[in-house]
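This report refers to the structure that appears directly beneath it.
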Amino acid sequence: MTQAASPAPRVGLFVTCLVDLFRPSVGFAAVKLMEDAGCVVDAPAAQTCCGQPAYNSGDRDDTRAIAEATIEAFEEFDYVVAPSGSCAGMLKKHYPGLFKGDEAWEARARTFSDKVHELISFLTDVLGVTQVPAKAAGKVTYHDSCSGLRELGIHDQPRKLVASVKGLKLTEMADADVCCGFGGTFCVKYGEISNAIVEEKAANIAGSGADMLLASDLGCLMNMAGKLKRQGSNIEVRHVAEVLAGMTDQPPIGGK
Amino acid sequence: MQITSPTFKANAHEALHDAQLQRALGNVRSGFIGKRAKAVDALPEFEELRDNAKTIKDHVLEHLDIYLEAYEKKVEDAGGKVHWAESAAEARGIILDICRMNNARTVTKGKSMLTEEIELNDFLEASGIQPIETDLGEYIIQLRGEHPSHIIAPAVHLNKDQVESDFRRVHTDFPKDRDLTEPEQLLSEARQVLRQKYFDADVGITGANFLIAETGTSIIVTNEGNGDLTQTLPRVHIVLASIEKVVPTLDDAAQILRVLARSATGQEMSVYTTLSTGPKRASDPDGPDEYHVILLDNGRSSMLGTEFQDALRCIRCGACMNHCPVYHAVGGHAYGWVYPGPIGAVLTPSLVGVDKAGHLPNASTFCGRCEAVCPMRIPLPKMMRHWREKEFERGLNPAVARYGLKFWLWFAKRPRLYRLTTYLAMPVMGLFGGRKRRYRFLPFAGGWVRHRDLPAPEGRTFMQQWRDRDTLKQDAHA
Ligand code: SF4
């Protein structure tokens, strides 16, 4: 898709609650990447959370209420972009189903869902970005978060852009596509099982020989960073957008 | 089998600290996943075959009554007898009647999860009839007084050295200094023990992978050939099958077989695919004198027409558990009933009640790997979510989780208050993160910080900073 003659696309940034609260710099990195690619970006103030905590706890009514508010908040934009495969997956794949039987809302939800994209695949697949001007140093490994991979088919896109960062070398870990054990509230409800899964993941990350871990979902990143730091590892953990935007002034997730 | 699903958390805790089990579980990851991937990659039309398989079963489930009746007629035409059983107790009663009528003392069994579901072994023993498992894995766990921990590899929770010591303990007729280090040696010893038992058995009981409506045939697939001996040598053959196993034609079964073994073990086909239709005919060299089929419902028909109907497409290949990170961590016994893993998390609440099995659909990260590999395209995570919805409606989920969620939602539905509160709270939380930018301890976050540090927030929220940027921009324009 070429944007040459058409006016700059207007993008509503769905910042996600975790990025809003824990790591705003990911939001600003997302804004920079999209502005550099010619978008006009805004983050409407009426957004909060995509509703997954309620949805995955079986609370459909509250999920629907949140979905309605989110759809209304973003209706004016050409695109809705989230720096998270999990939240983008929720908005794109699960919102329409919440309104089954309510034709008017279901149609609205479909129009909305069609505009939703995860950040990195939005850059590559919609805006046609093939490289970024950022520079960095060292070996990185990339973890595929589950929803991005299996609901949205994101696998090659982040790797392609990471490979374009001067000075970075991508080294794959074993089982990069296996869950890190986060799973939203799962990680506290079934903490011991979650721990066993993230221990396995941490071993694979360490085994890759990388000195930096990247992924596109803050929940997974906080889980993996938390485990690595508890183990005393000095592997840096960052959201892939920070590196692609060349915005790595903030200390890494969970510190050095 | 006693249901221990209500204590799933405690079961999981035990499993995670069981060194033998953890060692054995490594085999699930290394044994199944790569082989399936290779088999799938080698067959370009695999995805299409999955679609076909799904379509066949969906069609059957829409017309189940018609196909079951057609099947029954064909079985009876071939000289067999069909028995309908609504419950486990009914199925057990029918089996016992057939055994008694034939003065059976021993019964050989092919691998069948359905006989686990109806707790047949304990029942037969209590009735004075000796059941003998003939599948190697089933034989091993019968020796140990255990239950299967996997639907196609019942003894996958054991290591070879454990099996060796069981054989040395029980098979006392063999020389003490024999070599049992290779799996083939274990298999051949079990075969020697079992050989005579096949001939002595009065009744052979097998499950069924498929029932064919057009011919009245039942099909089983095995890798050891034990199923063949179980159903041809005794005088009486009983097939125990659940109602959703029926498919219209042999051709339909052949299509589904193409995805079954590939998904299960990465084989193109299982070693033995055995078809049986009715008792021995005059011209047959061997076969049973009596052929019975028991069609068991046991809760399945109540899934028809509900959001759980799709789960009845399951062909019990085991791929979902082979690819499940939770199964890898805790193994099959922790799930606490017959069917473990993702399909167990959907079926168990349906068949024994969500009040007992409520943990299972919750103990999932929704990573979606099960659905990605399920040959029958069963939307397992979606169905687990449906169970969570039912639990939520009935207030079955734990109070702490409910109130925590309500608290969060109250804010999430009020963007202004949410903003105000987070503007104030996050910078303070950020400060507590200290120079290290993480917490080792944090009140109300025990579930997290027990196992890992919690990365600290950077400070001011994104939305707060964004508002500043907007204001700056507007000032610049003014
Ligand atoms: S749910 Fe699917 S993957 Fe799991 S056992 Fe059944 S058919 Fe196989």
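So that the names make sense, note that chain A is the first sequence line, chain B the second, and so on, each numbered from 1. Fair warning: this is a prediction, and the values are worked out from it, not measured in the lab.
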Check your understanding: Can you find a heavy atom in the side chain of A:Thr185 that is under 4.5 Å from one in the side chain of B:Trp408?
Key -> no

Practice item. Answer with side chain, backbone, both or neither: which region of A:Lys229 has an atom nearer than 4.5 Å to a non-hydrogen atom of chain B? Key: both

Practice item. Look at B:Asp453 together with A:Arg230 and state whether they make a salt bridge at an N to O cut-off of under 4.0 Å. Key: yes

Review point. For A:Asn56 and B:Arg388, what are the C-alpha separation, side-chain angles and deciding distance, and is it a side-chain hydrogen bond (donor to acceptor under 3.5 Å, both in side chains)?
Key: CA-CA 7 Å; A:Asn56 290 339; B:Arg388 295 184 191 185; 5.1 Å; no

Check your understanding: So, are B:Arg437 and A:Glu236 salt-bridged, with charged N and O less than 4.0 Å apart?
Key -> no

Check your understanding: Is a side-chain donor or acceptor of B:Lys413 paired with a backbone partner of A:Asp62 at a separation under 3.5 angstrom?
Key -> no

Check your understanding: Do B:Arg385 and A:Tyr55 touch side chain to side chain, with heavy atoms closer than 4.5 Å?
Key -> yes

Review point. A:Asn195 and B:Arg452: side-chain donor and acceptor closer than 3.5 Å?
Key: no

Point to revise | Test item: B:Arg419 and A:Asp20 side chains (from C-beta on) under 4.5 Å apart, heavy atoms | key: yes

Point to revise | Heavy-atom contact with chain B under 4.5 Å, split by part of A:Leu18 | key: neither

Check your understanding: Are the charged groups of B:Lys406 and A:Asp59 less than 4.0 angstrom apart, N to O?
Key -> yes

Revision key, fill the gap. Given A:Gln231, A:Lys189, A:Glu199, the one with more heavy-atom pairs under 4.5 angstrom with chain B than any other is A:Lys189

Review point. Under 3.5 Å, is there a donor-acceptor pair between the A:Asp42 and B:Trp466 side chains?
Key: yes

